[in-house]
Amino acid sequence: MNITQLSNKVSVSGQLTSNDISQLADMGIEILICNRPDGEAADQTSYNDIETVAKGFNIECIYLPFTMGNMDKRYIREFLKYQNAGKNIHAYCRTGRRSAHLWEEAQSQANDSSASKVDNKRSNIASERFDVLIVGGGSGGIAMASSLLKRQPKLLIAIVDPAQYHFYQPGWTMVGGGVFDVKTTRRETQDLIPDGVSWIQQSVEGFQPTENKVQLDNGSHIYYQHLVIAPGLKLDWQAVEGLSETLGKNGVTSNYRYDLAPYTWQLVTELKQGKAIFTQPLMPIKCAGAPQKALYLSADHWFKNNLLNNIDIHFYNSGGVLFGVKDYLPALESYMQKYQATLNFNQTLKKVDGENKKAWFISKDEEGNEVFNETDFDMLHVCPPQVPLDFIKHSELSDDKGWLEVDPNTLRHTRYDNIWGLGDTLNTPNAKTLAAVRKQVPVVAENITDSMNQRAMSAAYDGYGSCPLTVERGKIVLAEFGYGGKLLPTFPSWINNGLKPTKLAWFLKARMLPVIYWQGMLKGHEWLAKPIKR
Ligand code: FAD
C-alpha cells in the first residue's frame, strides 16, 4: 500500500485490500473514504469487503465513488463534512489521484473567501447556484428536498429558511387537548435537513425570476435552475386589536402557536364554570377544522367531568357554515348539540380586552351595515386571521390576492416554467393542510424531474387535503376531500367510514401520523402519496 500524507489528518492511497486495514488502524485512521466505484476492475476488492473488515477496527466507512472528471460540489461538501469533524481520514481510489484531487478541491473551497462556511447542514454561501433552491424548510420544503434526492441523488439542493426550529403543527390540536406533550412537536431544523443538502439560514426577501435568482435578507443572491417556493402563510395576530398583548394570559389562548397550545389545556382543566368562546376567521386558513377541533376536545373534557351545564360554549365563525364540505356536517352538528354549543355565524373577531375579559365581533345587519357585538368570556380560544406572506404578496409571482400563483394540477408557476409551489402559500383551492403537502410533494418532485429531463410533466395533484376532526378524545371524523369538495377517502368505508367518528381514525392521528411525518414524509418516503398521472 503506497500511502501519501496530504495533511496531518488526511492521507490517500491506491486500491486497498482487506489486509491493508490493520495498518490503517495502527495509523489512527478513523474514517475511510472510498472514491472508487465498485466493479471498475475484476481484481478490485469490493467496498463491502473493505467495510466489513474496517468495522472490526472501529473505522467508519464512507462510500463516495466517482469517475475521473465527474466530481461535483456534492462530493466536496461531503468530504468537507468529515474533514471539519477533525477526524483522521484515509481516502482511496484506483491510484489515489482521484482522492487527492477531491482533497485539493475541498481545500480550495474551504479557503474560498466568498464561501465563509460550507458544510452539508448549514451554509452561509454569499453567492451560489443550485440545481434546486427551496424557499422554506417547513413541512413542504424538507419533504421536497428528500423526495428530489430519492429521484436524483446527485442534485445540488439548498433550503433557505431562517428558523432554528421545525414544527409538526398538526400536533398542536392534540397539545391543546391534553393528549400530546408539546415538546414532541418541535425539532431542530438542522437535524432534519437531508444529508447532502445545504441549509442557508436566512430569509428570502424577493425574487428575480427572469434572472433565476432570489434575494436574501443579508443582501446576497442565490441562483437556481429550479425554484420551489414553500414558505407557508402569515398568522395575522395584529388584525385583531388588543389580541397580541393578551395572548397567553387573561384566559386568552390559541392552538396556532407552539408556546400557547399548552396554555389551552391549562385553561380547559382550570375552567369549572363560565363562558368559553372559540373563534374562526375568514377562509382560507391552514387546517380549516382546527378552530372547532379546539372546541370539541375542550368540551369533551367538560362533558366527561360533568361541567357542561356550568360552561356556556360559543363558536364564533366569520363564515356562514360549520364546515366547507357538507357531507361531514351531520356528524359535526351532532357533536355541537351534544356539547350544547351555540353557533354564531358571520361574526368576525375584531377586538379583545383581556384584562376585562371582553371581546368584540363584527357582523352585518339586514341592511348590510356593520354591527359590533360585545361579549364577555372566561376562556377565549382564537384562531388568527391568515394572509399571504408579504414577500410573496409583493412579488411578481403572486395572484391578485397575494397567494403564489400556480397551475392547480401541475403546481408549476403559471408564468415561469422553472418555478414551483407547495403548501400553504399556494393560491390553489384545496384545504391548506399537511395532508395536502404530503400529496403535493411527489407531484412537484416528479414534474421537476420530468422538466430536467426534457420530458412532458407526468404528475398531477387532485386537490387532496384532509382534516381529522377530533370530535372527542378517542374518536375522529376523518374528512378527506379534493378540489370541488369531492370526497377522496383513503380507506374503503368498511375499514373507516370518514363521515362518522371512528376510533381507527383517532389511532391514525394520535399514533401513526406523527411517525409517518418524522420518519416517512420528511425522509422522502411517499407512503399513500403516489401522484396521479396527467
Ligand atoms: P410550514 O410548515 O408552515 O413551513 C414554512 C416554512 O417557511 C417555515 O419553516 C418558515 O420558517 C419558512 N419561511 C417563512 N418565511 C420565509 C422566508 N421569507 N424565507 C425563507 N423561509 C421562510 N394539517 C393536517 O394535514 N392535519 C391537521 O390535523 C392539521 N392540524 C393543524 C393544526 C394547527 C393548529 C395548525 C397551525 C396547522 C395544522 N395543519 C394540519 C396544517 C399544516 O400544519 C400546514 O398546512 C403545513 O404545515 C404547511 O406546510 P408548509 O410547508 O406550507 O408551511
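As the structure lists them, so they are numbered: ligands from 1, and atoms in each ligand from 1.
For atom 8 (C) of ligand 1, the closest heavy atom belonging to the protein is Asp161 OD2, 3.4 Å. Remark: minimum distance from atom 14 (C) of ligand 1 to any protein heavy atom is reached at Pro231 O, 3.4 Å. In terms of protein heavy atoms, atom 49 (O) of ligand 1 is closest to Ser139 CB, 3.6 Å.
Between the Asn447 side chain and the Ser458 main chain, a donor and an acceptor come within less than 3.5 Å of each other.
Contacts with ligand 1 closer than 4.0 Å are made by heavy atoms of both the backbone and the side chain of Asp424. At a 4.0 Å heavy-atom cut-off, ligand 1 does not touch Glu205 at all. Neither the backbone nor the side chain of Phe167 has any atom closer than 4.0 Å to an atom of ligand 1 (non-hydrogen atoms only). When non-hydrogen atoms are compared, ligand 1 lies under 4.0 Å from the backbone of Lys432 (N, CA, C, O) but not from its side chain. Counting heavy atoms under 4.0 Å from ligand 1, residue His166 does not touch it at all. Both the backbone and the side chain of Ala435 come within contact range of ligand 1, each with a heavy atom under 4.0 Å.
Distances below 4.0 Å separate heavy atoms of Pro468 from the following atoms of ligand 1: 26 (N), 27 (C), 28 (O).
In this structure the side chain of Pro291 never reaches within 4.5 angstrom of the side chain of Phe278, judged on heavy atoms.
Judged by the 6.0 Å and 45° rule, Lys432 forms a cation-pi pair with Trp403.
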